[in-house]
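Okay, structure first, notes after.
Order of the sequence lines fixes the chain letters, A, B, ..., with proteins taken first and strands second; residue numbering starts at 1 for each chain. No experiment lies behind these values; they were computed from the predicted model shown.
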Amino acid sequence: MKLAAWNVNSLKARLPHLQQWCAQAAPDVLALQELKLAQDQFPEAAIEAAGYHAVWAGQKTYNGVALLSRSAISEPDFGGELDAKEQRRVVSGTVAGIRVVGVYAVNGQAVGSEKYRFKLDWFARLHAYLREQLASYPRLVVMGDFNVAPKDIDVHDPQLWHEQVLCSTPERSALNDLLALGLHDSFRLLHDTPKLFSWWDYRELGFRRNRGLRIDLALVSDALRPLVKAAGIDKEPRKWERPSNHAPIWVELQDG
DNA sequence: ATGGTGGTGCGACCA
């Protein structure tokens with residue numbers, strides 16, 4: 001089973017890329033972030049035509065998340081407490097015996113800002129939510145845009161980013177608290193290569209200069225860890241015309 | 001080259 005996550009930065013703007021990528025990468029499950037469209041604006045027919053069931057939490061202009069799956073999605077959930085302040089950032093569902101949680105973490109703007117404090121608070125609530133989810137569903141994947149680069153190896157220039165937002169110690173601690181629940185960064189189970197990123201700023205020729213961060217992650221629970229057989233980041237769509245600023249990431253699990 | 005972006009939605013905010 002191939003599971004993927006992609007921050008599309010507007011589903012309306014990126015629908016052609018989504019269709020193209022699904023056709024060639026053929027993920028069984030795909031979590032989308034930053035839909036940037038209202039609940040009733042979701043392109044349900046196009047997603048269905050591409051061969052996917054979907055559940056989603058839409059929001060006009062900002063945020064918004066979806067979970068797409070080749071097979072049926074049961075027990076959908078939208079994060080409860082995490083939807084405070086009406087920001088739609090979490091979508092969960094069960095697919096073929098695996099619980100999948102798609103997340104779009106708060107960006108945080110700048111260390112010390114009001115949005116940064118909200119980010120840390122949001123991660124604390126995500127921690128509580130994932131603890132509950134794990135108790136009910138030991139076979140769990142949490143994937144999406146975490147807006148945190150776990151370690152310096154995930155940063156193009158650690159000096160430049162030192163204690164900056166997306167890389168600061170409190171943010172990394174919040175991410176480590178999630179991992180301490182019994183979750184594992186699937187990419188790092190298999191790769192220790194530096195300079196492999198999932199996001200590059202549109203500004204300052206970020207992609208061309210490979211000035212990026214690895215902030216999009218697929219975390220697998222203890223129960224699923226032995227089943228991880230491959231994981232990666234697909235940079236191709238970032239090269240297409242009018243791309244998202246994020247690349248899709250994926251993890252492949254053995255059946256069983 | 002001392003500048004270089006993009007989405008939403010029409011000015012300003014967000015990333």
Side-chain angles (χ1 to χ4, degrees), chain A residues 5-21 31-43 46-47 56-66 82-91 102-123 126 143-150 154-157 160-168 170-172 174-175 197-217 233-249:
Chain A
W6 194 5
N7 180 326
V8 291
N9 186 21
S10 167
L11 182 53
K12 276 180 200 165
R14 225 65 63 201
L15 187 58
H17 283 203
L18 177 71
Q19 290 163 320
Q20 176 69 31
W21 191 73
L32 300 176
Q33 297 86 46
E34 285 208 88
L35 305 183
K36 294 187 172 180
L37 47 75
Q39 185 70 14
D40 62 1
Q41 298 288 103
F42 189 83
I47 298 297
W56 65 94
Q59 182 185 334
K60 185 173 148 67
T61 310
Y62 301 116
N63 311 312
V65 288
L82 283 161
D83 264 349
K85 297 200 177 182
E86 299 175 353
Q87 299 188 9
R88 314 309 306 273
R89 297 180 176 276
V90 177
V91 56
V103 298
Y104 171 51
V106 175
N107 173 281
Q109 194 177 53
V111 173
S113 67
E114 182 60 39
K115 290 193 177 80
Y116 181 80
R117 285 186 287 277
F118 177 67
K119 179 179 193 172
L120 295 179
D121 185 57
W122 187 86
F123 265 92
L126 178 62
M143 58 183 177
D145 178 359
F146 284 77
N147 267 317
V148 179
D154 303 305
V155 180
H156 70 89
D157 185 344
L160 183 69
W161 283 88
H162 180 70
E163 294 301 338
Q164 299 299 302
V165 74
L166 312 185
C167 298
S168 74
E171 290 165 89
R172 286 177 170 174
L175 181 62
F197 309 127
S198 65
W199 168 86
W200 303 260
D201 203 308
Y202 284 125
R203 297 164 289 192
E204 301 174 343
L205 305 173
F207 186 66
R208 267 204 273 167
R209 301 199 285 171
N210 198 30
R211 294 171 71 84
L213 303 176
R214 194 176 67 90
I215 56 177
D216 300 271
L217 312 172
I233 304 169
D234 189 353
K235 282 176 72 167
E236 273 312 302
R238 189 65 175 77
K239 301 173 185 169
W240 298 347
E241 195 176 345
R242 285 190 44 180
S244 167
N245 44 0
H246 294 253
I249 60 131

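- Scored by the side-chain hydrogen bond (donor to acceptor under 3.5 Å, both in side chains) test, A:Gln39 finds no partners at all (sequence neighbours excluded).
- Classification of B:dG7 as anti follows from a glycosidic angle more than 90° from 0.
- Checked against side-chain hydrogen bond (donor to acceptor under 3.5 Å, both in side chains), A:Tyr202 has the following partners two or more places apart in sequence or in another chain: A:Asn9.
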Open item on the list: Is there a side chain to side chain contact (heavy atoms under 4.5 Å, CB included) between A:Ile233 and A:Arg238? Walk through the geometry before answering.
Closed with: CA-CA 11 Å; A:Ile233 304 169; A:Arg238 189 65 175 77; over 6 Å; no
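- By the salt bridge (Lys or Arg N to Asp or Glu O under 4.0 Å) test, A:Arg89 is found to be paired with no residue, residues two or more places apart in sequence or in another chain being considered.
- By the 4.5 Å heavy-atom criterion applied to side chains, A:Ser244 and A:Pro237 are not counted as neighbours.
- Applying the ring-ring contact (aromatic ring centres under 6.0 Å, His included) test to A:Phe42 and every residue at least two apart in sequence or in another chain returns A:Trp56.
- For the pair A:Leu37 CG and B:dT8 P, the computed distance is 9 Å after rounding to whole Å.
- In this structure, A:Gln41 atom CD and B:dT8 atom P are separated by 11 Å, rounded to whole Å.
- The nearest whole Å value for the distance from the CZ atom in A:Arg211 to the C1' atom in B:dA15 is 17 Å.
- Atom pair A:Lys60:NZ and B:dC14:C1' shows a separation of 15 Å (rounding to whole Å applied).
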Contacts under 3.5 Å, N or O only, protein and nucleotides 2-6 of chain B:
residue, atom, partner, partner atom, Å
B:dT5, O4', A:Tyr202, O, 2.9

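- If you check every strand for non-hydrogen atoms under 4.0 Å, A:Tyr104 touches sugar and phosphate atoms only.
- Evaluation of the salt bridge (Lys or Arg N to Asp or Glu O under 4.0 Å) rule for A:Asp157 yields no partner, not counting sequence neighbours.
- For the salt bridge (Lys or Arg N to Asp or Glu O under 4.0 Å) condition, the pairs that include at least one residue of residues 197-208 of chain A, sequence neighbours left out, are A:Asp201-A:Arg203.
- Here the P atom of nucleotide B:dC14 and the CG atom of A:Asn107 are 10 Å apart, to the nearest Å.
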Task: Test side chain to side chain contact (heavy atoms under 4.5 Å, CB included) applied to A:Lys12 and A:Lys36, step by step - done: CA-CA 8 Å; A:Lys12 276 180 200 165; A:Lys36 294 187 172 180; over 6 Å; no
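- With sequence neighbours excluded, the residues satisfying side-chain hydrogen bond (donor to acceptor under 3.5 Å, both in side chains) with A:Arg214 are A:Asp154, A:Asp185.
- Residue-to-nucleotide proximity on DNA chain B shows that, of A:Trp199 and A:Leu11, the 5′-proximal contact is made by A:Leu11.
- Annotation: B:dG7 and B:dG11 have their C1' atoms spaced 14 Å apart (nearest Å).
- Under the salt bridge (Lys or Arg N to Asp or Glu O under 4.0 Å) criterion, A:Arg88 pairs with A:Asp83, not counting sequence neighbours.
- With rounding to whole Å, A:Asn63 atom CG is found 13 Å from B:dG7 atom C1'.
- Here B:dA15 presents its C1' atom at 13 Å from CG of A:Asp216, a figure rounded to the nearest Å.
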Restricting both atoms to N or O, compile the protein contacts to nucleotides 11-13 of chain B shorter than 3.5 Å, with distance only.
none

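- Separating the CD atom of A:Glu34 from the C1' atom of B:dC14 is a distance of 8 Å, rounded to the nearest angstrom.
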Open item on the list: Both atom distances under 3.5 Å, Watson-Crick or G-U wobble: I'd like the secondary structure of DNA chain B as a dot-bracket string, with | for pairs made across strands.
Closed with: ....((((...))))
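- Between the P atoms of B:dA15 and B:dG9, the separation comes to 15 Å (whole Å).
- Spacing between B:dT8 and B:dT2 at atom P, rounded to whole Å, works out to 31 Å.
- With sequence neighbours left out, A:Glu241 forms a side chain to side chain contact (heavy atoms under 4.5 Å, CB included) with no residue at all.
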